[in-house]
Amino acid sequence: MKRDNLIRKLVEVVGATHVLTGEDAMSPHLVDWRGRYRGSAICVVQPGSTAEISAVVATCALHGVAIVPQGGNTGLCGAATPNPDGGAVVVGLARVNRIRSIDPANNTMTVEAGCLLHDVRAAAAAAQRLFPLSLAAEGSCQIGGNLSTNAGGVQVLRYGNARELTLGLEVVLPSGEVWDGLRGLRKNNTGYDLKQLFIGAEGTLGIITAAVLKLFPLPSATATAWLAVASPSAAVILLGHLQDRFGAALTACELISETALHIVRRHVRTGSELPASPWHLLIELSSGDDATAMHEALTSFLAAASDDGRVDDAVLAQSSEQARALWALRENIGEAERREGPSIKHDVSLPISLVPEFIALADQALGAAFPDLRSVTFGHIGDGNLHYNQSKVDAADNAAFLTARPQVNRIVHDLAHRLGGSISAEHGIGQLKRDELPRYKQPLELDLMRAIKRTIDPRGLMNPGKLL
Ligand code: FAD
């Protein structure tokens with residue numbers, strides 16, 4: 001009865017076509033991208049404006065019903081999947097997708113939460129500006145989801161993560177009130193920076209409905225190269241030399257193990273001829289300088305690095321198509337892993353200097369505990385962020401291996417923590433790492449987080465069971 005009454009009220013707010021109740025219609029919204037979590041919900045509501053989101057949230061609050069905000073549903077921690085109890089309403093943001101304005105002189109754009117990241121980037125480019133957040137899921141993920149997970153991606157090295165790219169927010173609070181913080185200011189010291197609470201909050205404090213984003217000059221020159229390196233230590237040393245030589249023009253620096261490259265070739269692409277090597281780096285330079293000069297500078301840097309053995313081999317992209325093909329190898333690792341089958345995944349960050357030590361110690365400890373193990377290691381080494389994923393060499397042994405997830409996580413997360421790292425670099429906590437968090441956060445940090453949650457969402461209606 002309560003359920004029927006709620007659905008009737010939600011239909012009054014958004015119209016019957018935007019309230020999904022049937023199993024088939026709701027199904028894609030009840031499972032996460034990796035297929036690890038499946039939940040249940042009263043309904044999936046798809047409001048079309050901030051006013052409608054506000055009314056939806058107020059209606060749910062009146063009925064004491066929990067809300068799960070959902071963007072593109074590409075998150076990797078089960079944070080956008082409702083709990084199995086079926087007591088929540090999923091609020092899908094896809095229809096709230098207008099680019100509200102672009103201010104090239106202020107280098108800002110104001111966009112609604114449901115805009116696809118790809119569309120945000122394209123709109124910025126059409127105004128001769130760069131919005132630098134870039135990740136392999138950008139054709140499906142939404143900017144509201146990016147901000148709620150504080151997404152990173154491949155250009156953090158140069159431009160920072162989602163948090164650093166956001167100047168203002170509009171948020172529907174758990175009461176249904178709308179906080180209009182859509183300011184395009186680079187300086188504003190008027191007390192607590194409230195927007196930062198909602199960025200990275202994984203939908204546990206409110207629904208982000210719009211944002212003011214920072215824009216940058218569109219680079220006129222880009223150079224992309226694939227480098228074969230002997231080891232993670234060689235990669236870190238080379239990263240330092242690249243930064244010394246090219247400064248802020250070094251936009252991306254990605255580490256890829258041969259194992260990761262191998263599975264991409266097997267499942268997704270085989271095109272590019274690349275040097276055989278246990279480790280690879282994909283680097284990108286970009287700037288407003290002359291393209292020919294940039295290519296020449298990188299060519300001579302790589303020649304010197306090859307001569308003195310810092311690089312074993314290198315492929316410098318000669319065209320934008322070739323650059324895209326090299327990037328496709330990196331961007332398809334996640335998809336290739338999905339096709340390869342289940343594995344135990346980690347998204348850790350470390351001081352960059354300690355990445356080689358982490359890989360060596362973690363490989364050693366896991367190898368001793370679990371024979372015939374395969375680690376797919378890759379990530380944004382320029383940010384000290386590794387994706388470090390384990391499965392058995394023989395896929396037939398995987399089902400048994402997956403039951404050892406707690407022991408595997410313990411080895412990897414304890415080691416990252418001991419080396420001063422984090423158990424979640426860019427994917428968040430969600431339900432995947434919620435129970436790990438108390439082991440690694442200080443009790444005082446957790447108390448402060450809970451106090452913030454209680455203040456903004458005293459009834460615990462926003463995305464329950466995630467993060468805290
Ligand atoms: P969802 O998955 O829908 O939601 C994620 C979280 O945000 C949930 O807690 C949800 O409740 C909340 N949420 C969504 N929208 C809102 C809103 N408007 N207001 C409040 N809360 C909201 N991540 C990286 O950081 N770097 C990468 O390089 C990267 N690469 C990826 C590659 C692939 C192939 C895939 C599948 C994922 C990758 N991800 C990466 C993870 C994922 O794409 C990001 O976490 C992304 O930011 C999630 O956006 P989304 O719109 O899909 O959010």
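When a ligand or atom number is given, it counts from 1 through the structure's own listing order. This is a predicted model, so every value here is computed, not measured.
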Practice prompt. For Ser134 and Glu138, run side-chain hydrogen bond (donor to acceptor under 3.5 Å, both in side chains): C-alpha distance rounded to whole Å, both residues' side-chain angles, the deciding distance at 0.1 Å, then the answer.
Written response: CA-CA 7 Å; Ser134 173; Glu138 66 193 45; 3.2 Å; yes

Item to complete: Please assess Glu254 against His380 for the test side-chain hydrogen bond (donor to acceptor under 3.5 Å, both in side chains), listing each intermediate value before the final yes or no.
Response: CA-CA 5 Å; Glu254 299 287 304; His380 317 293; 2.7 Å; yes

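- In this structure, Asp119 and Ile99 approach most closely via the heavy-atom pair O-CD1, 4.4 Å.
- Contact between His380 and ligand 1 is present, with at least one heavy atom of the residue lying under 4.0 Å from the ligand.
- When heavy-atom distances to ligand 1 are checked against a 4.0 Å cut-off, Thr204 has no atom that comes that close, whether in backbone or side chain.
- Residues Leu117 and Phe131 meet the side-chain proximity criterion, which asks for heavy atoms closer than 4.5 Å.
- Side-chain contact between Val68 and Val91 is absent, with no heavy-atom pair separated by less than 4.5 Å.
- Heavy atoms of Lys466 come nearer than 4.0 angstrom to ligand 1 in no pair at all.
- With hydrogens left out, the protein atom closest to atom 27 (C) of ligand 1 is Glu426 OE2, 3.4 Å, a heavy atom.
- Per-residue contacts place Trp33 under 4.0 angstrom from the following atoms of ligand 1 (heavy atoms of the residue considered): 36 (C).
- Leu467 and Ala201 make their closest contact through CD2-O, 3.7 Å (heavy atoms, listed as atom of the first residue, atom of the second, distance).
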Practice prompt. Check the pair Thr222, Ser286 against side-chain hydrogen bond (donor to acceptor under 3.5 Å, both in side chains), reporting the backbone distance first and the verdict last.
Written response: CA-CA 4 Å; Thr222 304; Ser286 66; 5.4 Å; no

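- To the nearest 0.5 Å, atom OG of residue Ser343 and atom CZ of residue Arg338 are 12.5 Å apart.
- Distances from atom 11 (O) of ligand 1 to the heavy atoms of Gly71, Cys141, Pro69 show the closest one on Pro69.
- Nearest protein neighbour of atom 32 (C) of ligand 1, counting heavy atoms only, is Ala136 CB, 3.8 Å.
- At least one heavy atom of Gly206 sits closer than 4.0 Å to an atom of ligand 1.
- Of all heavy-atom pairs spanning Pro438 and Leu446, the tightest one is CA-CD1, 3.5 Å.
- Near Asn463, with a cut-off below 4.0 Å to any heavy atom, the atoms of ligand 1 are 9 (O), 11 (O).
- Scanning the protein heavy atoms around atom 4 (O) of ligand 1, the nearest turns out to be Ala80 CB, 3.5 Å.
- Below 4.0 Å from some heavy atom of Ile207 lie the following atoms of ligand 1, by number and element: 19 (N), 20 (C).
- Residue contact annotation: Gly334 has no non-hydrogen atom under 4.0 Å from ligand 1.
- Annotation for ligand 1: atoms under 4.0 Å from non-hydrogen atoms of Gly203 are 20 (C), 21 (N).
- For an aromatic pair to be called close, the ring centres must be under 6.0 Å apart, and His413 with His346 satisfies this.
- Nearest-residue assignment for atom 28 (O) of ligand 1 (options Ala201, Gly75, Gly153, Gly114; heavy-atom criterion): Gly153.
- The protein heavy-atom contact nearest to atom 19 (N) of ligand 1 is Ile208 N, 2.9 Å.
- Taking 4.5 Å as the limit, every side-chain heavy atom of Val348 sits out of range of all side-chain heavy atoms of Asn385.
- Between Met109 and Ala123 the shortest heavy-atom distance is CE-CB, 3.9 Å.
- Nearest protein heavy-atom neighbour of atom 5 (C) of ligand 1: Thr149 CG2, 3.6 Å.
- The protein heavy-atom contact nearest to atom 25 (O) of ligand 1 is Gly152 N, 2.9 Å.
- Looking at residues two or more places apart in sequence or on another chain, you find a ring pair (Phe, Tyr, Trp, His ring centres under 6.0 Å) between Phe358 and Tyr388.
- Residues Ile429 and Glu202 approach most closely at N-OE2, 2.7 Å, considering heavy atoms.
- Counting atoms of ligand 1 from 1 in the listed order, those under 4.0 Å from a heavy atom of Leu93 are 18 (N).
- With a 4.5 Å cut-off on side-chain heavy atoms, Trp226 and Leu261 count as touching.
- For ligand 1, the atoms sitting less than 4.0 Å from at least one non-hydrogen atom of Ala151 are 25 (O), 47 (O), numbered in the order shown with element in parentheses.
- At a 4.0 Å cut-off, not a single heavy atom of Val68 sits close enough to ligand 1 to count as contact.
- If you check which protein heavy atom lies closest to atom 53 (O) of ligand 1, you get Gly145 CA, 3.5 Å.
- Across the listed options Val156, Leu76, Ile53, Leu76 owns the non-hydrogen atom lying nearest to atom 38 (C) of ligand 1.
- The nearest non-hydrogen atom to atom 16 (C) of ligand 1, considering only Ala113, Gly72, Ser424, Ser148, comes from Ser148.
- Less than 4.0 angstrom separates some heavy atom of Ala79 from each of these atoms of ligand 1: 8 (C), 9 (O), 11 (O).
- For atom 1 (P) of ligand 1, the nearest protein heavy atom (residue, atom name, distance) is Asn73 N, 3.6 Å.
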